[in-house]
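Predicted model, so just to flag it, every value in this text is computed and none were measured. Proteins get letters first, then strands, A, B, ... in listed order; numbering begins at 1 in each.
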There are 2 protein chains.
Amino acid sequence: MAIPRAAKTQRRTRIQEEKEELILEAALEVFSQNGFKGATIDQIADVAGMSKPNLLYYFRTKEAIHKALIQRVLDTWLDPLREFNADGNPEAEIRSYIRRKLEMARDYPRESRLFANEVLRGAPLIEDELKGPLKQLVDEKAEVIRSWAKAGKIAKCDPYHLIFSIWATTQHYADFDVQVRAVLGQEKAGEGRFEDAARFLEGLYMGGLSIPNK
Amino acid sequence: MAIPRAAKTQRRTRIQEEKEELILEAALEVFSQNGFKGATIDQIADVAGMSKPNLLYYFRTKEAIHKALIQRVLDTWLDPLREFNADGNPEAEIRSYIRRKLEMARDYPRESRLFANEVLRGAPLIEDELKGPLKQLVDEKAEVIRSWAKAGKIAKCDPYHLIFSIWATTQHYADFDVQVRAVLGQEKAGEGRFEDAARFLEGLYMGGLSIPNK
DNA sequence: TGTAATGTTTACCAAACGGTCAAATTATTG
DNA sequence: CAATAATTTGACCGTTTGGTAAACATTACA
């Protein structure tokens with residue numbers, strides 16, 4: 001009798017790992033499209049190709065799925081910022097950060113939307129993550145940017161709002177994809193829009209952050 | 001017996017106008033916080049201070065409320081872009097557009113979130129609006145920006161992505177407010193963040209759009 | 001191979017939800 | 001002041017949804 005929900009033996013089974021992976025992938029699909037309240041367990045189970053009770057054998061509640069999923073996504077989501085290198089060339093670092101973020105918006109739009117949905121509804125599940133690890137990471141990188149400005153390598157600017165603006169502009173292409181496509185129209189809304197966006201954003205930031213009178 | 005739902009007499013009653021206004025205000029509160037599926041009619045009725053059947057007397061379905069609300073919001077939401085003046089000074093026009101959008105994010109965050117929620121879920125209710133009136137308006141203003149660039153008044157750039165980036169950066173402060181507050185921390189997350197954001201964004205865009213070698 | 005742990009399914013439940021109905025109440029107007 | 005139209009309410013209904021119970025099937029391992 002397996003009363004305990006896949007947690008008695010401390011060690012995770014092969015099947016457990018496979019099925020949990022399957023469920024999280026399905027959950028990403030469903031949650032990112034419908035938000036937390038809009039998604040149903042039945043939907044997720046359906047996409048995952050299993051019955052609802054079977055899914056609930058691995059995750060006790062809908063919230064548990066969402067929590068596990070968003071924790072995992074949040075972690076990889078911040079990788080580009082972690083790679084931000086203090087010793088590198090400022091312009092090159094910022095440029096490649098924008099590129100990486102834009103690539104993620106292009107290649108992982110579901111993750112971006114999942115995150116957007118969560119923050120939009122007040123981020124009840126990741127409040128601590130935001131105020132702790134995320135804030136710490138941003139604080140650290142903001143200090144780097146500030147030091148660059150102080151050293152006269154880039155124009156003086158508020159490093160926090162610089163980071164916010166990069167987040168906003170890049171994730172916009174994932175989160176507001178429908179709107180972007182609608183405005184660009186059928187002709188120009190192909191995959192090339194990410195290249196266009198990259199070109200524009202690099203131009204904007206390189207121009208905006210360069211020292212006026214060198 | 002008033003079988004027809006407030007629509008028999010063609011002319012709207014005083015009570016109808018008042019109550020519909022009340023409902024839409026309550027709906028804005030609830031929808032913007034919980035999204036379409038996350039919001040319930042009971043919640044809206046509660047906030048509006050009336051019974052559910054009474055609310056449903058004015059709007060037949062939940063979707064009808066949402067549709068009416070988003071139509072109204074979308075209209076005023078685009079006002080700043082409409083004010084964009086081709087004959088004005090390019091830098092001043094862009095600067096004041098950013099300011100206005102940022103003021104709207106500050107003063108009408110619920111409207112911004114309502115819109116963000118709708119676009120995130122694929123904008124099923126306003127697809128036509130986006131592909132029609134919105135696209136037209138943006139096309140028009142993009143042409144203005146392009147002409148400025150051609151005349152050498154601002155740097156060459158993709159006008160569509162310029163507009164997207166202004167939308168993204170300004171609305172970010174409404175839609176991702178929780179995250180912004182969390183990262184800035186208690187000390188710096190006061191109302192001053194909008195002033196800081198305005199300063200940063202104006203600096204970024206004025207620098208990024210200025211002609212390199214004048 | 002037997003047996004205990006793990007995994008899966010069918011049937012089900014209670015609460016929440018969108019929406020209806022008919023009766024009761026209030027506002028408007030001839 | 002009638003009488004008619006507009007508004008409000010409480011009771012109710014069918015469906016969806018998150019989650020459970022227990023029987024059944026499969027896997028792992030001594």
Requested in this report: Give a yes or no on this: more than 12 heavy atoms of other residues, nucleotides or ligands lie within 6.0 Å of atom CD of B:E17.
Outcome: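 Counting neighbours around CD of B:E17, more than 12 heavy atoms of other residues, nucleotides or ligands fall under 6.0 Å, so yes.
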Report task. Give a yes or no on this: more than 12 heavy atoms of other residues, nucleotides or ligands lie within 6.0 Å of atom NZ of A:K37. Result ->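 Open.
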Which of these nucleotides, [options], is closest to any side-chain atom of [X]?
{"X": "B:P53", "options": "D:dT20, D:dG10, C:dC17", "answer": "D:dG10"}
{"X": "B:D42", "options": "C:dG18, C:dG19, D:dG18", "answer": "C:dG18"}
{"X": "A:I41", "options": "C:dG18, D:dG18, C:dT20", "answer": "D:dG18"}
{"X": "A:L56", "options": "D:dT8, C:dC17, D:dT20", "answer": "D:dT20"}

Report task. Output yes when A:R106 and A:E191 qualify as a salt bridge under the 4.0 Å nitrogen-oxygen rule, no when they do not. Result ->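 Salt bridge: no.
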Assign [X] to base, sugar-phosphate, or nothing according to its heavy-atom contacts below 4.0 angstrom with the strands shown.
{"X": "B:A64", "answer": "nothing"}
{"X": "B:K19", "answer": "sugar-phosphate"}
{"X": "A:S51", "answer": "base"}
{"X": "B:A39", "answer": "sugar-phosphate"}

[N], OP1 or OP2 - any side-chain N/O from [X] closer than 4.0 Å?
{"X": "B:Y58", "N": "D:dT8", "answer": "yes"}
{"X": "A:Q16", "N": "C:dG7", "answer": "yes"}
{"X": "B:Y57", "N": "D:dT8", "answer": "no"}
{"X": "B:N54", "N": "D:dT9", "answer": "yes"}

Report task. Answer with yes or no whether A:K52 presents, from its side chain, a donor or acceptor under 3.5 Å of a partner atom in the base of D:dG18. Result ->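 Flag set: donor-acceptor pair detected.
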Let me know the distance between [atom1] of [X] and [atom2] of [N], rounded to the nearest Å.
{"X": "B:I15", "N": "D:dT7", "atom1": "CD1", "atom2": "P", "value": "5 Å"}
{"X": "B:I65", "N": "C:dC17", "atom1": "CD1", "atom2": "C1'", "value": "13 Å"}
{"X": "B:E18", "N": "D:dA6", "atom1": "CD", "atom2": "P", "value": "17 Å"}
{"X": "A:K37", "N": "C:dA16", "atom1": "NZ", "atom2": "P", "value": "10 Å"}
{"X": "B:E20", "N": "D:dA6", "atom1": "CD", "atom2": "P", "value": "14 Å"}
{"X": "A:E17", "N": "D:dT27", "atom1": "CD", "atom2": "P", "value": "18 Å"}
{"X": "A:R60", "N": "D:dG19", "atom1": "CZ", "atom2": "P", "value": "11 Å"}
{"X": "A:F59", "N": "D:dG19", "atom1": "CZ", "atom2": "P", "value": "13 Å"}

Query - Donor + acceptor pair across side chains of B:E140, B:Q136 (<3.5 Å) - result: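 There is no such pair (donor and acceptor under 3.5 Å, judged by atom type) between the side chains of B:E140 and B:Q136.
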Query raised in the report: Between the side chains of B:S165 and B:Y205, does any donor sit under 3.5 Å from an acceptor?
Result: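 Checked: B:S165/B:Y205 side chains pair up, N/O donor to acceptor below 3.5 Å.
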Report task. Tell me, with the steps shown, if A:Y160 and A:D139 meet side chain to side chain donor-acceptor pair (under 3.5 Å). Result -> CA-CA 8 Å; A:Y160 289 93; A:D139 280 343; 2.5 Å; yes
Query - Contact nearer the 5' end of DNA chain C, comparing A:L55 with B:F36 - result: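 The 5'-side residue here is A:L55.
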Query - Position toward the 5' end of DNA chain C (nearest nucleotide), A:M50 or B:T40 - result: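 Nearest-nucleotide comparison on DNA chain C picks A:M50.
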